[in-house]
2 protein chains.
Amino acid sequence: MAKATIEEVANLAGVSPSSVSRSLRDVGGVSAKTTERVRAAAEQLGYSASPAASRLATGRTGTLAIVMPNLTRWFFAELLGGVEQVVREAGLDLLVHNLGDTETRQGYFSSGLLRKRVDGVLLVTLALTEPEIDALMALDVPVCMVGTDVESFSSIRIDDVQSASTAVRHLVNLGHRRIGLISGAPDEPMHYTVPVHRRLGYRAALEAAGIPADRDLEVHGDFTIRGGDEATTQLLGQGELPTAIFAESDEMAFGALRALRRVGLQVPADISVIGFDDHPMAEYFDLTTISQDVREQGRQVAQQLVAAVSRPDGAPVRRLHAPTRLVVRGTTAVLGAEPRRAPSLAGNRTVPGQGAQHQSPDKGRRGSGPPALARQSATDQKERRGQRPLAT
Amino acid sequence: MAKATIEEVANLAGVSPSSVSRSLRDVGGVSAKTTERVRAAAEQLGYSASPAASRLATGRTGTLAIVMPNLTRWFFAELLGGVEQVVREAGLDLLVHNLGDTETRQGYFSSGLLRKRVDGVLLVTLALTEPEIDALMALDVPVCMVGTDVESFSSIRIDDVQSASTAVRHLVNLGHRRIGLISGAPDEPMHYTVPVHRRLGYRAALEAAGIPADRDLEVHGDFTIRGGDEATTQLLGQGELPTAIFAESDEMAFGALRALRRVGLQVPADISVIGFDDHPMAEYFDLTTISQDVREQGRQVAQQLVAAVSRPDGAPVRRLHAPTRLVVRGTTAVLGAEPRRAPSLAGNRTVPGQGAQHQSPDKGRRGSGPPALARQSATDQKERRGQRPLAT
DNA sequence: GCGGCAGGCGCAAGCGCTTGCGGTCCTTTT
DNA sequence: AAAAGGACCGCAAGCGCTTGCGCCTGCCGC
């Protein structure tokens, strides 16, 4: 029953294969009556068209590929979830390619692995080299990106620079002036742009606040818990302590919390910590952070790609920015505030709702510097109040 | 250059398309010299065969599908990582299908979504109903499963019953007799077997130790942090407190730790907690747990499936058990031991290496009850010593 | 030196679908 | 009422590859 061919359906319905084909895909040209008969026959035979054959005949593969540098880290898994949903609902297949290690990536785009195989490609967090861009364009299918962008392709990503600035500005507004940075991968095996941008945002915020840069305050954490831990230890080992730390990812912030706790520093009484991403565990740690809706980004970029592949003329390139918001929780506090009760990082209270939150000012506001900062200040305060968790 | 056809290659090489086809896939029947010429021509044209065409001609799709109930939870993402690697290295494509909600699952297997589309299917953690099994068999392709098993298909999974028993036995051996259980999904939307089995293991271990069952000690946690938190609160709210808790997943154990800390109970001085899975965060929380190598399970099952699809005669059904091991960390202690220093759940020390660990006795040792228990006891002690973390 | 054998190679027939083109037949339009 | 126009439908030619089957060499054995 699974192997019925279009001809059998045609015979059963008493029509030609052409009509079967046409009715089943409801392109026009078939009367309602015939369509109905065909439908019934197909149903009866459990018929579904062979993808291989129709691909060959139409030249369209009905398949999209998503290419990611990692599958297991939260960000990527979450994104994949959003993408998969949209793609499935569009009736397309999704191929997953993981460029885990540098060797796999090496030559991946020029190898014909994607050629004639997909109608569209989704690139995640991959900053492309020139030859890679060329190879992709040679594929002659729509390409969308998330997390990074290049001129030629549609993309969606957060504004890492602005968002990182928002995070640091939050600390500045709390009175901090000695702010450490824990950044991601120092050597960029995958050409990540994220650490670069978030660092730029950090420096920009400091500069805007008139705080001189101090390179000793910038350490590397490798985007992992352990890395954040070690980076923090390094930060604590040198001269004057920072009063606040901005970690470029929540995972590294977790590591920082652990390191701080180990040496007996209390958060946020002695030192404030802010992360980035709003990892599911961040709420657990009551970590102040920059939140982004990763799944939604996945959905959006997938929709964009789906739309692009289904329109014969090339779709217009659209480079979107996804919003971020500052989520103030319990790991940041006003500098020098009297210590509250004994610090406890892990859930001595819960954050019930979302509280008042804030769309980061990352669209169409470039270069409006000082006023933005002032406004930001006010916003932070409001959020903080709105966010104040209830005791459970 | 990307759209070269086999005929063009043939012309350039001065041979027939047949010879091109044969040389490029090195089936025999072509002289070395010709093969060489063809290779060169193909190279020059950047030729790669159209998958659609060869699929149609051969009837093989070169594609595998992995069907999972979730993509974003750590376990599934990790598994997918292992599977993807093997499948890619085998030169096959991987389709990912997420049966996130019950509606999506409803009728998924009977809908022709997989029909004529894949050479093999990988089912993750899905307990199948009879009609679903039938629909899968009707696909007439190899099917492998991980996390659950049925008679007809190859599979790999841990022995949830034995492993849960090991966890609880560990607590028993530490002197605990009042042991709470936080179990997974009570209503089984996806027909999970995991919570059922782990609970069976829990009960079996208690029974083996002569401890009477107490249904009040069994609460539901939904496999989430929050669920574990709430379940623990529930557990604490009723009569005599347990002295130890077995959570069926690490996430729920994290929630339990939070709940305990909130009410001021110290772990492990006042109460011991053991989890299950060895989630990456478990080390961070210094959580004693049952460890399984999820990625490796993914690799193995993928290898099995790859082997099955590439052999024309049906591959033999093999139902494997993956090993688990008890990893003793800092959240479990001897009942009534004098309190150690002030408890601190979040990383006041690190666990540097793996320490001495233990293959759970889940292969070929069924029914060897008491001796196993005795041995287990000894082993536990040794592990505990070997595992003792160093201060950093 | 001749029959036979086998390795190399090309022919052509598909694989199962889609689609341009034309043929019917039934409505409209004039 | 005749002609023009549609609406429907089938024919057949592909889509680009694989593969069974013959043919043609060259080479071996007797």
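Sequence lines set the chain letters: A, B, ... in the order given, protein chains first and strands last, and positions in each chain run from 1. The shown structure was predicted, so the numbers you read here are calculated from the model rather than taken from an experiment.
Where B:Leu56 and B:Arg25 meet DNA chain D, the nucleotide closest to each residue was compared, and B:Leu56 sits on the side nearer the 5' end. Position along DNA chain C of the nearest nucleotide to B:Ala57 versus B:Thr35 favours B:Thr35 as the more 5'-ward residue.
Of the candidate nucleotides C:dG16, C:dC9, C:dC11, C:dC11 has the atom lying nearest to any side-chain atom of B:Ser18. Nearest to the side-chain atoms of B:Arg22 among the listed nucleotides D:dC11, C:dG10, D:dG14 stands C:dG10. The side chain of A:Ser16 has D:dG10 as its nearest neighbour among D:dC21, D:dG10, D:dG14.
Nucleic acid contact class of A:Val15 (heavy atoms, under 4.0 Å, all strands): sugar-phosphate only. At a threshold of 4.0 angstrom between heavy atoms, the contacts of B:Ser31 are confined to the sugar-phosphate backbone, with no base atom among them. Across all strands, B:Thr58 comes closer than 4.0 Å only to sugar-phosphate atoms, never to a base (heavy-atom distances).
Counting to the nearest Å, the P atom of D:dA7 and the NZ atom of A:Lys33 are 17 Å from each other. A:Ile6 places its CD1 atom 15 Å from the C1' atom of D:dG14, with the value rounded to the nearest Å. Between A:Glu7 atom CD and C:dC17 atom C1' the separation is 11 Å, expressed in whole Å. The nearest whole Å value for the distance from the CZ atom in A:Arg55 to the C1' atom in C:dG16 is 13 Å.
Between A:Val124 and the options A:Asn70, A:Leu79, A:Val67, a side chain to side chain contact (heavy atoms under 4.5 Å, CB included) holds for only A:Leu79. The residue from B:Met145, B:Arg105, B:Met68 that alone fulfils the side chain to side chain contact (heavy atoms under 4.5 Å, CB included) condition with B:Leu126 is B:Arg105.
At a cut-off of 3.5 angstrom, the base of D:dC17 holds no donor-acceptor pair with the side chain of B:Thr5.
A donor-acceptor pair shorter than 3.5 Å can be found between the side chains of B:Arg25 and B:Ser21. Counted by atom type alone, A:Glu132 and A:Thr129 present one or more donor-acceptor pairs between their side chains at under 3.5 Å.
Contact annotation: B:Ser21 reaches the phosphate of D:dT18 (side-chain N/O to OP1 or OP2, under 4.0 Å).
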